[in-house]
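Proteins get letters first, then strands, A, B, ... in listed order; numbering begins at 1 in each. Fair warning: this is a prediction, and the values are worked out from it, not measured in the lab.
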2 protein chains.
Amino acid sequence: MSIAKYIPATNSVLRSLSRKDSQRLFARHEQVNLTYGDVLCEPGKQLRYVYFLNSGIISLLAPVDGHASVEVGLVGSEGMAGMALFLGVGVSPVRMLVQGSGTAMRIKAAAFRHEIERNPVLQRALNRYLYGFMAQVAQTAGCNRFHRIGTRLARWLLMTHDRIRSNEFRLTHEFLAHMLGVRRAGITLAANILQKKKLIRYSRGKITILNRQGLERASCGCYRTVNDICEHISVGI
Amino acid sequence: MSIAKYIPATNSVLRSLSRKDSQRLFARHEQVNLTYGDVLCEPGKQLRYVYFLNSGIISLLAPVDGHASVEVGLVGSEGMAGMALFLGVGVSPVRMLVQGSGTAMRIKAAAFRHEIERNPVLQRALNRYLYGFMAQVAQTAGCNRFHRIGTRLARWLLMTHDRIRSNEFRLTHEFLAHMLGVRRAGITLAANILQKKKLIRYSRGKITILNRQGLERASCGCYRTVNDICEHISVGI
DNA sequence: GTCAGTATGTATGCTGTCGCACATACGATG
DNA sequence: CATCGTATGTGCGACAGCATACATACTGAC
């Protein structure tokens, strides 16, 4: 991670603020580059910053006893990472892992706390985002329970595609396996089926979306369910 | 559900407020009885009230395409049902099902919204509760992915036990199966093992906790994980 | 006491995923 | 262009949980 040059804010939460409302926030932020593989915070550790993403993706991973973690949520330019601070708690319950490189506006915990108390518009925007995010986490709980690897993989690729805004991104089967909490071999099998249907193409950690609509059909309904909920409250991705 | 006579507030959120802070809230509430089986709100429907529980349990169920719903969270006297309203959204993403009879203080949506904007202490208390609740939902996502029926059943019984505050409660295998999103026969098998170990006893929908500590040992670590997180922010059950 | 409804116990065969292991293929680096 | 590390493909036995089905047992109503 490094300090970045100025990049215009494409973060949905920040864009929903008026010039006046965002001014103080902008005064206190720092632009940073997020690099694939960065861990912004470990579960149980103090949150030093919140991150408003302009591009890239952060995976939120919950540790589960006797297993590696499993992903419970994705954050892109539609939201903010470090929501615990918004709820007045300084400790992150999840690992924050940069899954797709990009840029973010980083704000120190204290400055963010200070700001949030004085900016009801930002508060409302984050409340709305939190609602959508909770729907995502809750749906994931159900999805993990009922759906097969193939449909879950399709869902996950769609969610990533929405946030990366490119048809191509870097992801190995190994990485995907960690995210979904399954064996690497399970991903290889499922990904191969999607490839044979010409929905995606992949090779050595580079995945290309070939047929977005086909992928939506191959996904479980959880993808659409969460999207519908977010659209309903106008939390666009 | 019916209007109840006066019952002192044993709700943790409300108790955390000073007399002054809770006064307005008390002026606008209504005491209601919650009866096993009541559905307080369906997913996608407008929330007419929020409920601060004094006793009893509400299950939050997320509908999953092609399946019955699965439980993503439990609310007892430690919290509030209808958190969407707290986030400024009038629509519940989950079904709210009374799983254990009890009493609650019900407040109309509009009155609650009005109050929340003027009562920062209540806001902070609900923020803290929300943090713990999110940890619960996230942990459930992981638990659903990795853990076996037996350990999940034990976890679920413990969470219920904490909130019912009685060693005996009414629950059929059928009901438990719906909550965990598994077959009824799967519960019978798992429950039988717990019964043979003398951790619980049951008969025709009445379950008795015989050995709480043994049950904790039989549960997956998710139970403790969530408890530790909640304790850390002093959201006691 | 009989009956009906509901709760619990049990069986069989099937499928998805697991753990483990090894084979193959690609690409960067020298 | 040879080599090595990494990414992907594949095979096999094990098993949890599934669908389905049916048997048994308890309880309350008549």
Participant: Please check if any side-chain donor atom of A:Arg152 sits under 3.5 Å from a side-chain acceptor atom of A:Asn144, or the reverse.
Facilitator: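 There is such a pair (donor and acceptor under 3.5 Å, judged by atom type) between the side chains of A:Arg152 and A:Asn144.
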Participant: Using the closest heavy atom to pick a nucleotide of DNA chain C for each, name whichever of B:Arg183 or B:Gly205 lands nearer the 5' end.
Facilitator: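 The 5'-side residue here is B:Gly205.
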Participant: Quick one: does B:Tyr51's side chain have a donor or acceptor within less than 3.5 Å of a partner on B:Leu34's backbone?
Facilitator: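 Side chain of B:Tyr51 to backbone of B:Leu34, a donor-acceptor pair under 3.5 Å: no, none is there.
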Participant: Does any donor atom in the side chain of B:Ser69 or B:Arg95 lie under 3.5 Å from an acceptor atom in the other side chain?
Facilitator: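 Yes, side-chain donor-acceptor contact under 3.5 Å.
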Participant: Determine whether the side chains of B:Ser12 and B:Glu78 contain a donor N or O and an acceptor N or O closer than 3.5 Å.
Facilitator: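 Not at all, the side chains of B:Ser12 and B:Glu78 share no donor-acceptor pair under 3.5 Å.
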Participant: Kindly confirm or rule out a cation-pi arrangement of A:Arg106 over A:Tyr49, judged by NZ or CZ under 6.0 Å from the six-membered ring centre and within 45° of its axis?
Facilitator: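 A:Arg106 over A:Tyr49 ring: yes.
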Participant: Which protein N or O atoms sit under 3.5 Å from an N or O of nucleotides 23-30 of chain C?
Facilitator:
residue : atom : partner  : partner atom : Å
C:dC26  : O2   : A:Arg204 : NH1          : 3.2
C:dC26  : O2   : A:Arg204 : NH2          : 3.4

Participant: Tell me: CZ of B:Arg145 to C1' of C:dG16, nearest whole Å?
Facilitator: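 So the CZ-C1' distance, B:Arg145 to C:dG16, works out to 10 Å.
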Participant: Whole angstroms only, please: what is the CZ-C1' distance between A:Arg148 and C:dT15?
Facilitator: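 Distance, rounded to whole Å: 8 Å.
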Participant: Write down the distance between CG (A:Asn144) and C1' (C:dG16), rounded to a whole number of angstrom.
Facilitator: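 A:Asn144 atom CG is separated from C:dG16 atom C1' by 15 Å.
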Participant: Assign A:Gly186 to base, sugar-phosphate, or nothing according to its heavy-atom contacts below 4.0 angstrom with the strands shown.
Facilitator: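 Result for A:Gly186 = nothing.
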Participant: For chain A and DNA chain D, what are the first and last nucleotides along the strand, 5' to 3', with at least one atom under 4.0 angstrom from a heavy atom of the protein chain?
Facilitator: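 Extent of the interface on DNA chain D: D:dG5 to D:dC18.
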Participant: Provide, to the nearest angstrom, the distance between the CD1 atom belonging to B:Ile193 and the P atom belonging to C:dT8.
Facilitator: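 Value for this atom pair: 16 Å.
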Participant: If I take atom CD in residue B:Gln195 and atom P in nucleotide C:dT8, what distance separates them, rounded to the nearest angstrom?
Facilitator: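 That distance rounds to 10 Å.
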